[in-house]
Amino acid sequence: MALVARIAAQDARALGELYDAYGRVVFGVGFRIAGSPEAAEEVAQDVFQAVWRQARSYRAERGSVRTWLLAIARNAAIDWGRTHGRRSNREYSLDAAPGLVAEVQVEERVIASLRAERIRVAVRMLPTEQRDVVALAFWGGLSQTEIAARAGIPLGTVKSRIRLGMEKLRERLGPGGEE
Amino acid sequence: MTDHPSEDLAAYAIGALDRAERAAVDAHLPTCAACRADLEALGDVAWSLAESASLDPPARTRGRLLDGVRSSRSREEPPLVALWRALTRPVPIAIPVALAVAVAFALVGLREARTDADAYARAVAGVADGRVVALAPTSDGTARGALVVPSSGSPYLILQLPAAPAGKTWEAWVIRGERPLAAGITGERSGLVTLVLSQALVPGDVVAVTLEEAGGVAVPRGQPVLLGKT
Ligand SMILES: [Zn+2]
């Protein structure tokens, strides 16, 4: 039985397995968007509780579990930021490495950190203007229209920068991308 | 099908579309495998961005989360629990056998149900020892049932139920506080059925019967058709 189906049947062990697989990513998203470890912990709780309640509404044909989980996590973190008034005075950058370092160095963790480093390298290779708009959208929770207004650039420019930036990342990170 | 929102998919994947644009993409996706595949790849990029920020949560987070969901399991079903709470007040406490039989007869509205009802009444009246609690029907359906708590041995239900629709089963529940515990299913049996409860009873428990997916479920989704307080 698929993990999400088991969670939908209110199997708490299955929720634990999902947490083991993706808890670090969700916590990291919470930290980057909401801005503190305390906020990130609240966000992570909110996210997995939402998964627990909403697992029945997940439809595999509409997208992967990761995509579904990421949407919940971003929304929860952005909502947290809005409720707590953090959003306006934070800077969003795609390449700022998290300030906390994992002390556990099991093999899996090494692979994960190599992968994270590879992603950060791909991001750093983007032209600054593309990197900035992607970061404002992804970590800042701003729409293209909001970014255009905030940065004082035409909407069409914002749209093409996001598209080009994402396409480049896709080429570099996808299956055919350079290792 | 010529109108693919290809230019918007990257922004969609990182949540950057405005409401109207997002709605247009949402409407298009179910009709177009090409755009869905495109979006899946862009979703992987978005996931990579998230992954690059991975960070160890405090060790306590996992335990807190799981303790929280385990203790709130029944609260996850607010409509049903609210219904139960509303229904669990006026149901009969323990009633004598004779009255249980009278209740069973009172529920017989249709002549064609007479034979079944007689069998049910005989079954309830035939309980040799123990306490009998009539389960109150919660709608004007034809379901009826009684809980028998023998002086020794497991409590069981005597049920007279309509046949469950295909793919469904009747499932018994012991509701303790606000928490429903699965207590057995009738499977494909219908008519007069005895069902030994797989849960022990403690004073104050409520017993209910709902219609659920075949094979039974861990958390009730159906509305109770019978309810009784032990
Ligand atoms: Zn399309």
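The structure presented is a predicted model; accordingly, all values stated were derived computationally and were not measured. Lettering of chains follows the sequences in order, A, B, ..., and the numbering in each one begins at 1.
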Under 4.5 Å to a heavy atom of chain A? For B/Leu66 that would be side chain
Answer key: most heavy-atom pairs under 4.5 Å with chain A among B/Glu51, B/Arg22, B/Arg19, B/Arg36 is B/Glu51
Practice task
Please examine the side chains of A/Phe27 and B/Asp56, heavy atoms only from C-beta on, and report whether any two atoms are closer than 4.5 Å.
Solution key: no
- Message: Looking at A/Arg163 and B/Asp8, is there a salt bridge between them, counting it only when a charged N and a carboxylate O are closer than 4.0 Å?
- Response: no
Per-residue tally against chain B (heavy atom, under 4.5 Å) across A/Arg66, A/Arg62, A/Arg74 peaks at A/Arg66
Hey, is A/Arg170 close enough to B/Asp38 for a salt bridge, meaning N to O under 4.0 Å? yes
Taken to the nearest 0.5 Å, the spacing of A/Gln10 CD from B/Arg70 CZ works out to 12.0 Å
Checklist entry - Hey, are the side chains of B/Thr61 and A/Tyr19 touching, using non-hydrogen atoms and a 4.5 Å cut-off? => result yes
So NZ of A/Lys159 and CD of B/Glu21: to nearest 0.5 Å the spacing works out to 4.0 Å
Margin query: Checking side-chain polar atoms at under 3.5 Å, does A/Arg115 have a donor or acceptor matched by the opposite partner on B/Ser48?
Written below: yes
Assess the residue pair A/Glu41 and B/Arg60 against the criterion (salt bridge (charged side-chain N to carboxylate O under 4.0 Å, His left out)); give the C-alpha distance rounded to whole Å, side-chain angles, the decisive distance to 0.1 Å, and a yes or no. CA-CA 10 Å; A/Glu41 197 182 353; B/Arg60 61 171 182 258; 2.6 Å; yes
Salt-bridge contact B/Arg62-A/Asp20 (side-chain N to carboxylate O under 4.0 Å): yes
Honestly, the part of B/Ala50 sitting under 4.5 Å from a heavy atom of chain A is both
> Is there a side-chain contact between A/Val134 and B/Leu49 (heavy atoms, below 4.5 Å)?
Replying inline: yes
If one checks every heavy atom of B/Glu40 against chain A at 4.5 Å, the contacting part turns out to be side chain
Within a strict 4.5 Å, meaning less than it, do heavy atoms of the A/Gln144 and B/Leu17 side chains meet?
-> yes
Closest non-hydrogen atoms of B/Leu42 and A/Glu167, given as atom of the first, atom of the second and distance, are CD2-OE2, 4.1 Å
